[in-house]
Amino acid sequence: MPKSRIRKKADYTPPPAKAATAIKLNNRAWVAPVMLAMFLIGLTWIVVFYVTDGSLPIDKLDNWNIVVGFGFIAAGFGVSTQWK
């Protein structure tokens, strides 16, 4: 019976080196300052309204000044969703 051929294994070749890919990061440095500013404006608006017994910041809005203050705070939370 003839002897079967022995297959020669190929020498080990390391996988090709991966080329460095540049990671594109969006510049979102504006998010944190704007978010904090919105929070502080909203908080200040509400505090000023309560401290001045409703005569400031806008007298004609009356109790709607609270809604405006919370609107600024909500806008701050909306901006915070852009933070990465």
Side-chain angles (χ1 to χ4, degrees):
M1 185 143 201
K3 189 174 180 183
S4 62
R5 292 184 184 173
I6 298 174
R7 294 182 194 162
K8 185 177 179 184
K9 291 184 180 179
D11 292 336
Y12 173 75
T13 56
K18 293 182 180 179
T21 57
I23 299 173
K24 184 178 180 183
L25 296 175
N26 293 337
N27 187 3
R28 302 213 176 176
W30 59 272
V31 173
V34 170
M35 175 184 66
L36 292 175
M38 297 296 249
F39 288 154
L40 290 175
I41 290 170
L43 179 65
T44 305
W45 194 289
I46 293 171
V47 168
V48 167
F49 174 72
Y50 277 116
V51 169
T52 61
D53 291 327
S55 63
L56 287 176
I58 299 175
D59 190 27
K60 292 187 180 197
L61 287 180
D62 199 31
N63 285 335
W64 283 96
N65 280 304
I66 298 170
V67 175
V68 172
F70 277 114
F72 277 112
I73 293 171
F77 279 113
V79 169
S80 73
T81 63
Q82 300 298 315
W83 197 3
K84 288 187 177 183

Requested in this report: Apply side-chain contact (heavy atoms from CB on, under 4.5 Å) to Trp45 and Ile58, showing your working.
Outcome: CA-CA 10 Å; Trp45 194 289; Ile58 299 175; 3.9 Å; yes

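- Residues Leu61 and Phe72 fall within the same hydrophobic cluster, defined by Ile, Leu, Val, Met, Phe, Trp and Tyr side chains chained together at heavy-atom separations under 4.5 Å.
- Scanning all heavy atoms of the two residues, the minimum distance from Trp30 to Pro33 falls at O-CD, 3.4 Å.
- Looking at every heavy atom in both residues, Gly76 comes nearest to Met35 through O-CG, 3.5 Å.
- Under the 4.5 Å side-chain heavy-atom criterion for ILVMFWY residues, a single connected hydrophobic cluster contains both Ile73 and Met38.
- With rounding to the nearest 0.5 angstrom, the CZ atom of Phe49 is 15.0 Å from the OG1 atom of Thr44.
- No chain of hydrophobic side-chain contacts below 4.5 Å, direct or via other Ile, Leu, Val, Met, Phe, Trp or Tyr residues, connects Leu40 to Ile46.
- Residues Val47 and Ile41 fall into different hydrophobic clusters, defined by Ile, Leu, Val, Met, Phe, Trp and Tyr side chains chained together at heavy-atom separations under 4.5 Å.
- Between the Asn65 side chain and the Gly54 main chain, no donor and acceptor come within less than 3.5 Å of each other.
- Contact between Gln82 and Arg28 at its shortest, heavy atoms only, is O-NH1, 2.9 Å.
- In this structure a side-chain-to-backbone donor-acceptor pair under 3.5 Å is missing from Asp59 to Leu56.
- Linking ILVMFWY residues whenever their side-chain heavy atoms come closer than 4.5 Å, directly or via other members, leaves Val51 and Val68 in distinct clusters.
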